[in-house]
Amino acid sequence: LAVRRMAVGEPPRVLYVAHALPQSRIDELVLKARSMLILVVVAIGVVLMAILGFGIRIALKPLYRLVDVAESIGSGEYDLSIPNFSGLTGLSGALRDMVEGIKSRNRELHRTNEVIEEGNARLKTILDSLTEGVVVANLDGLVIDFNPAAMEMHGFTSPEEYRRVL
């Protein structure tokens with residue numbers, strides 16, 4: 001191995017160093033260096049993927065929570081708290097408004113059903129108190145209702161008997 005020292009002010013020159021290694025050893029060292037480089041790149045990739053995966057999970061956590069809330073709403077559970085996450089406030093607010101709308105419509109539907117049930121009870125009382133026979137059929141001619149006077153006029157003792165004959 002020969003090394004020559006440069007004088008001050010002398011322009012730099014390329015220094016060639018010759019080393020006596022067999023080609024097989026050089027190939028072995030190059031292969032080891034490539035393997036190490038591949039391992040380092042893979043390790044960096046794994047670390048980056050773990051960091052990104054963890055970051056994505058953290059970023060998507062509010063969205064997953066809102067999906068859970070939406071699934072609860074879909075199964076009929078309306079009395080739940082809807083979280084307000086930064087970045088998803090519009091979605092949280094829309095979900096909250098939807099739940100309030102569903103609750104309001106359910107209350108309205110319940111009141112409407114009560115009114116219909118009261119009306120049906122009044123109608124049944126009126127029909128049952130008539131002395132004339134009343135038979136109600138749909139457009140296809142299928143008997144859907146009748147009063148006791150109609151059953152008595154035809155000599156029937158039960159509604160099933162009346163429906164079977166007509």
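This is a predicted model, so every value here is computed, not measured.
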From N147, D145, I126, residue fulfilling side chain to side chain contact (heavy atoms under 4.5 Å, CB included) relative to V134: N147
E28 CD: over 12 foreign heavy atoms closer than 6.0 Å: yes
How about M153: does its CE atom have over 12 heavy atoms from other parts shown lying under 6.0 Å from it? no
How long is the straight-line distance from CG of L31 back to CE of M36, given to the nearest 0.5 Å? 12.0 Å
Mind listing the side-chain donor-acceptor pairs of residues 104-113 below 3.5 Å, one per line with the distance, residues two or more places apart or on another chain?
from : atom 1 : to   : atom 2 : distance (Å)
R105 : NH1    : G101 : O      : 3.3
H110 : NE2    : E114 : OE2    : 3.0
T112 : OG1    : E108 : O      : 2.9

What side chain to side chain donor-acceptor pair (under 3.5 Å) pairs are there with at least one residue in residues 119-128, not counting sequence neighbours? K124-D128
